[in-house]
Engineer: 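Okay, handing you the structure first.
Residue indices begin at 1 and follow the sequence shown. What's counted below: heavy atoms across the whole structure, side chains too, no hydrogens, waters or symmetry copies. All ligand and atom numbering here is 1-based and tracks the order in the structure.
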Amino acid sequence: MSKIPVWIDCDPGVDDAAAIILAADRKELNILGISTVAGNVPLSLTTANALKLGDLVGQAYPVYAGADRPLLRPYHDGRDFHGAEGFGSADLPVSLRQAEEEKAWEGLYAAAKANPGTLELVTMGPLTNIAIALETYPDLPKLVHRILMMGGSVTRGNRTPCAEYNIFADPEAAQAVFRSGIPIVMCGLEVTEQAYILPEEWAALEDSFSEKTRFFHKASTHILEMNLENGHSGFCIHDAVPIFYLVHPELFEGETAGVFVETQSDLTLGKTVTDLYSDRQFEEKNAFVVLKIDREAFLLALLHALEKED
Ligand code: RIB
Ligand code: CA
């Protein structure tokens, strides 16, 4: 069976780390490259962290640094959840590898050209790199098969009362992506907040012999506490959801919808407006909005990836 060509754009980040560990364990996937963007922590750290994660999973994925700030607005980090360096209270050895010379959008475009119409683009951070790629390469939408995005929400927010962080961080970039014509699988908060690890499931990881598991356990200590304080059942491992969707779409439910981004109002800036449940519908149905996940199957797959010795 031929492997699925995949490009990951991310801002590692604790749940980005879980997503990359899961992706590395999936034989169905061929991870062609990892691009980084300023998000949870500044670009220099997301880039260093992506290199460290490749070493952790024993894969020398080429890493391409991208935008160090949003297209137009000030940069807002996520250090309150992910810690100063991006991996909570954990860390990994500094990689001896370097990021590629080419910029994120250059690497992404080259991968798309080499896999015309089949490249699966998984985004797990602010969408600045993707917006720059769309602006720079007008033929990109013809080359990318789908964008599987961790981002947005139908009814809720985690950065404001109505906006999810990845969209809020660069709303103009997100709007460009939703208007690009590339089919989007939107893994928003409705489904990613179901993808949690319970405190007791997390606690059981502490004495694992696996370096990946011990790293994940330590890295997620603070973010688990923050999620519990916000009323969630455990640590919501947002970014691993689009990776799991890629390999097991049958374990999800969702609906096709039109989705576009608020970029004008201060009150609702960064809100993904969907026409789900509305009498008035958008003309364009540009997204499949994922709404339900088989949490147990998801967690089993992640635990397998964490425990597997490379
Ligand atoms: O809202 C969750 C998203 O914001 C995740 O991608 C997390 O890593 C942060 O970037
Ligand atoms: Ca992320």
Side-chain angles (χ1 to χ4, degrees), residues 7-23 34-43 45-50 52-53 63 66-67 69-70 75-88 90 104 121-130 147-171 173-174 177 184-197 216 219-220 222-224 226-227 230-232 234-245 261 269-272 289-290 293 302:
W7 186 276
I8 294 175
D9 188 77
C10 57
D11 60 338
V14 179
D15 55 331
D16 307 70
I20 289 169
I21 292 168
L22 176 60
I34 296 180
S35 49
T36 54
V37 65
N40 290 321
V41 289
L43 179 66
L45 287 172
T46 58
T47 304
N49 289 346
K52 291 177 179 179
L53 289 166
V63 171
R69 74 199 68 176
Y75 162 56
H76 296 289
D77 67 39
R79 285 171 141 154
D80 51 346
F81 278 73
H82 295 264
E85 308 283 309
F87 287 152
L121 170 55
V122 182
T123 69
M124 308 174 182
L127 292 157
T128 316
N129 290 340
I130 317 310
I147 293 174
L148 298 101
M149 172 194 298
M150 191 282 130
S153 65
V154 180
T155 61
R156 63 191 84 177
N158 64 1
R159 189 68 187 210
T160 75
C162 63
E164 179 277 325
Y165 172 75
N166 287 339
I167 308 298
F168 176 82
D170 195 340
V177 172
I184 293 169
V185 175
M186 180 178 128
C187 300
L189 295 177
E190 279 72 25
V191 67
T192 65
E193 289 177 353
Q194 296 172 40
Y196 53 80
I197 183 169
F216 172 77
S220 45
H222 174 65
I223 205 166
L224 167 64
M226 296 283 280
N227 283 182
N230 287 337
H232 297 295
F235 165 30
C236 306
I237 313 171
H238 302 283
D239 290 336
V241 172
I243 294 291
F244 193 58
Y245 184 92
V261 180
L269 183 67
K271 177 173 178 51
T272 44
V289 178
V290 186
I293 186 173
L302 179 61

Engineer: Ala50 and Thr36: which non-hydrogen atoms are nearest, and at how many Å?
Structural biologist: CB-CG2, 3.6 Å
Engineer: At a 4.0 Å threshold, what atoms of ligand 1 neighbour a non-hydrogen atom of His238?
Structural biologist: 2 (C)
Engineer: Heavy-atom contacts with Met150 under 4.0 Å: which atoms of ligand 1 show up? List them by number with element.
Structural biologist: 2 (C), 3 (C), 5 (C), 6 (O)
Engineer: Which residue owns the protein heavy atom closest to atom 8 (O) of ligand 1, what's the atom, and how far is it?
Structural biologist: Asp15 OD1, 2.6 Å
Engineer: To the nearest 10°, how many degrees is the angle Asp11 OD1 to the Ca ion (ligand 2) to Asp16 OD1?
Structural biologist: 90°
Engineer: Side chains of His82 and Asn40: do they bring a donor and an acceptor to under 3.5 Å?
Structural biologist: yes
Engineer: Determine the minimum heavy-atom distance between Asn129 and Gly66, stating which atoms define it.
Structural biologist: OD1-CA, 3.3 Å
Engineer: For Met124, is at least one N or O under 3.5 Å away from an N or O on ligand 1?
Structural biologist: yes
Engineer: Of the options Asp239, Val241, Thr123, which is the one that meets Cys187 in a side chain to side chain contact (heavy atoms under 4.5 Å, CB included)?
Structural biologist: Val241
Engineer: What do we get for Val14 next to ligand 1 when only non-hydrogen atoms under 4.0 Å count, side chain, backbone, both or neither?
Structural biologist: neither
Engineer: Give me the atom names and distance for the closest heavy-atom approach of Ser153 to Cys162.
Structural biologist: OG-O, 4.2 Å
Engineer: Roughly how far apart are Tyr245 OH and Ile293 CD1, rounded to 0.5 Å?
Structural biologist: 11.5 Å
Engineer: Check whether the side chains of Glu190 and Thr155 place a donor and an acceptor atom closer than 3.5 Å, and report yes or no.
Structural biologist: yes
Engineer: For the Ca ion (ligand 2), does an N/O/S atom of Asp15 lie at less than 3.0 Å?
Structural biologist: no
Engineer: Number the atoms of ligand 1 from 1 as they appear, then name those within less than 4.0 Å of a heavy atom of Asn158, with their elements.
Structural biologist: 1 (O), 2 (C)
Engineer: Would you mind reporting whether Phe81 and Asn227 have side-chain heavy atoms less than 4.5 Å apart?
Structural biologist: yes
Engineer: Go through the side-chain N and O atoms of Asp9 and Ser35 and say whether any donor and acceptor fall under 3.5 Å apart.
Structural biologist: yes
Engineer: So, taking the atom named CD1 in Ile184 and the one named CD1 in Ile147, what distance separates them when rounded to the nearest 0.5 Å?
Structural biologist: 5.0 Å
Engineer: Around atom 6 (O) of ligand 1, find the nearest protein heavy atom and jot down its residue, atom name and distance.
Structural biologist: Asp239 OD1, 2.6 Å
Engineer: Please confirm if an N, O or S atom belonging to Met124, backbone or side chain, lies less than 3.0 Å from the Ca ion (ligand 2).
Structural biologist: yes
Engineer: Counting heavy atoms only, which part of Thr192 comes closer than 4.0 Å to ligand 1: side chain, backbone, both or neither?
Structural biologist: neither
Engineer: Looking only at N, O or S atoms in Asp239, which is nearest to the Ca ion (ligand 2)?
Structural biologist: OD2
Engineer: What's the shortest distance from atom 9 (C) of ligand 1 to any protein heavy atom, and which residue and atom give it?
Structural biologist: Asn40 OD1, 3.1 Å
Engineer: Heavy atom of His82 under 4.0 Å from ligand 1?
Structural biologist: yes
Engineer: Which of the atoms in ligand 1, numbered in the order shown and given with their element, are less than 4.0 Å from a heavy-atom of Glu164?
Structural biologist: 1 (O), 2 (C), 3 (C), 4 (O)
